[in-house]
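A, B, ... follow the sequence lines: proteins, then strands. Residue 1 opens every chain.
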Amino acid sequence: MASLHCRSSFLFTFHRPLTLNASLVTSLYRQLHTTSTFLSRSISTQNENKSIPINIETSESEEEFRVYEIEGLKKLTELKKSKRSLNQPSPPRSKTMPVDQDWTDVWPSASTFKWGTVPFPVRQGRILSSSENEGIVPSKYGNLELMKPPNFLHLTPSHIKKHCAVLKDFCTQWPQGLDTDEKCRRFFPLETKTSDYVFSAPSIRDDRARFASIKFYLSDLKLDYHARDKFIRLVGDRYNKKTDEVTFETGRCPLKSQNIEFLKFVFTVVYFESWKHEDWENSKELQDMEQYFWDLNASRKNCISLLKKIKTIDENKATESNRLDYLPSDILDEDTLCALPPIQDYKAAIEDLFNEGENFQTINKYKESVKSLLNIQENVSL
Amino acid sequence: MEPVVLRNIVSRTLSFKFKKSPLQGFSKCKARCLSTSAQPQPEKINNVCRTHENDPRNHTLDHVGLYYTIPVEEINGVLKNCVHPWHLRLMNTFNEYGMMVRKPAVELNGYIQNVNLNHPIPRFVLYGRTGAGKASILLHTMQRFHRDGWLILSVPWAGRWVRGWYKEVSESTYKAGRYDLPTDGAEWLAHFKHQNEGKLANLKTTSEYIWTKRENAAVGTPIEEIINFGQTRIKFSSDCVGVILKEIRNQAQTLGLKVLVVVNAVNAFYTQWNQLNALKNSGKKKLHPSEISLIHNFKKMLTPTWTNGVAVCTVEEACNNLNERENYTPLYLLKQEGFEALDPFVPILVPEYTEKEALSTINYYIEHNWIQNAHGRTEEGKKEIIFVSNNNPFKLYQVCTSL
């Protein structure tokens, strides 16, 4: 045992200076290990052989009677773990931010939500019941739900101001006199839209950059009823009825400038094509009409024949009441009859009813016009 | 208190019984006559719901929203088959034929009164939501002009002529490609005869009609004889209807007749009915309304080719196919074809109840002990009923049946 102690102490004394040489250390460890096993084995053989406790006298305490401790018989006192001093994580950045800091430095570009950086309290997520998270929506700490949606923390007004300040050098002065949108539209009726794509890559070409579109208002063009109708039919869904805008877009040519030229060419062709009257356009029938025309429909024929009938009856009967007084004594032709104000009102009402759709206004307008057309009077007591 | 409640239950059960077996005439139910529960109780001042002006000719805007009583002779005479079954059942239960004066009815009657009968017929189209009371306004108008001695040609519900399970459809003997509905024709003849009892004496045919080799109607045959012929030989009933309508059109002016043409659900005349119970010919082809001779004849009554008459029609969502019921307005329901046939017409909106009218109806029901629930008789309960029924007359009736 003494030899063991001295050997091990010898080894440990030599351990420290030898740390640099890794191979040597491992060899020494290996040596130690083999030595210890050998020693323990030798002791155990001694124990087995003699089977009685042995008192080994030492030079340090000769008087004291030492007790031989059988290994494993008595419980070993637990070794105290050495307490390692833990490094405390630094508090989140948001706690140490000054109030008057520049936010654009904190959040310079688009990035995922970082709970430690965002200085305001925010909650996001769903709790299933009042028992979960004490019924409170989770806070920002480690909250995945806040990381999922895109945020606009990189696009605050101060960011935009900085962007604008940088871009200002590249801008030219706004032309004088174009102070309203209305004037812009009047003096520059054709709006061209193209896109450039900037990115860092071996090639600076982008396939999408060739697309071009032009936009204009249909009311800016000089078109009569037929040409306008034909123009709308030719451009199809490129015409927006609500805003009265026509938009042409293409990417069929390889270059942007070629595409713009092509669009202007198409615009010109459609314009002149819509003014043309082809022979086959004369075969347009009532069903092909884009809206209801009273003059072309059966209603006009019925109305005129009815009024003529009433006229002959009024002439034959001398009764004064409930005559149609607005009818002239001699009806020359149908067109002059149709120009009479009650009939014009009736025509407008019926065209509204069909073209605008049925609602209380159009139906009541129709009702009033029919009442004046046929001279149907309400009762006095009404 | 108890006997009253019991009696009420008896009267309700009897009305239910009547609903189940219509063959059992309601006049034979003696127990109802003895029932006092439906007897009107004296009105309180704030629960006024009836007017004592029972003559529809005197109704003005002052009477709007109030109930008046129709004599039972007119319900079983001129208005027979025209009252909705639920309405008639309710009237029978109340033992009183009360009906509300409504603004569109007063308006319509005013127009018709002022019409120049020498002009070709004017046409009026009533439109409104289902259950708003279009048919009831027709009743009011028919009763009013019946009292003035007008001839009334009414189609209680035109949808009946374009549909039916196992209904007999035969090809017209008069014109190929047109189809007769013998039973419906005979039914209408009976209806016409019943409505115009005593007004047809002067009407005689002006031309000869040959039905078969042996059967014919010479010039001067009374119209009643034609009706009887159509009812006995129902093969020719549709043709008889055509003859009667034609004679009325031709003679209205010479005889000085005043004719009121009433068609309920006129859109059935112009829209193809596509459901399973649509009428089919022997070749299983669904019939278009214009191919049906009854409808063909009645359409002529709605054209302004004749004088001394007025046509009043309603448009009804239920007569259009299931995918064409989004709107209740005339042009939508009639479509362009029907609209052009009736144009120019005066559209008259039949609105749902105003608050005054709804309260009046609820008070009328309370007066007849129809609303027995104590809460239903309070101001709050009345408001609740109006809210739940959304001011719709038919819905109001439905809500109140269980109270």
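In this structure, the portion of B/Gln113 lying under 4.5 Å from any heavy atom of chain A is its side chain and not its backbone. Proximity to chain A (any heavy atom under 4.5 Å) is shown, for B/Glu337, by neither the backbone nor the side chain.
Other residues, nucleotides and ligands contribute over 12 non-hydrogen atoms within 6.0 Å of the OH atom of A/Tyr225. Crowding of B/Lys335 atom NZ: a count of heavy atoms from other residues, nucleotides or ligands under 6.0 Å exceeding 12. Heavy atoms from other residues, nucleotides or ligands lying under 6.0 Å from NZ of A/Lys230 number more than 12. Within a 6.0 Å sphere centred on CD of A/Glu285, heavy atoms belonging to other residues, nucleotides or ligands number 12 at most.
By the ring-ring contact (aromatic ring centres under 6.0 Å, His included) test, B/Tyr270 is found to be paired with no residue, residues two or more places apart in sequence or in another chain being considered.
From A/Lys311, atom NZ reaches atom NE2 of B/His119 across 9.5 Å, with rounding to the nearest 0.5 Å. A distance of 7.5 Å separates CZ of B/Phe339 from CD of A/Glu358, quoted to the nearest 0.5 Å. A/Ile310 contributes atom CD1, which lies 11.0 Å from atom OG1 of B/Thr307 (distance to the nearest 0.5 angstrom).
Scanning residues 348-357 of chain A against chain B with a 4.5 Å non-hydrogen threshold yields A/Ile350, A/Leu353, A/Phe354, sorted by number. Residues of residues 232-241 of chain A lying within less than 4.5 angstrom of chain B, judged on heavy atoms, are absent. Using non-hydrogen atoms only and a strict 4.5 Å limit, the part of residues 359-376 of chain A facing chain B consists of A/Phe360, A/Ile363, A/Tyr366, A/Lys367, A/Val370, A/Lys371, A/Leu373, A/Leu374, A/Ile376.
Using a 4.5 Å heavy-atom threshold, the side chains of B/Tyr111 and A/Glu378 count as touching. Side-chain atoms of A/Asn302 and B/Pro304, non-hydrogen and from C-beta on, never get closer than 4.5 Å to each other.
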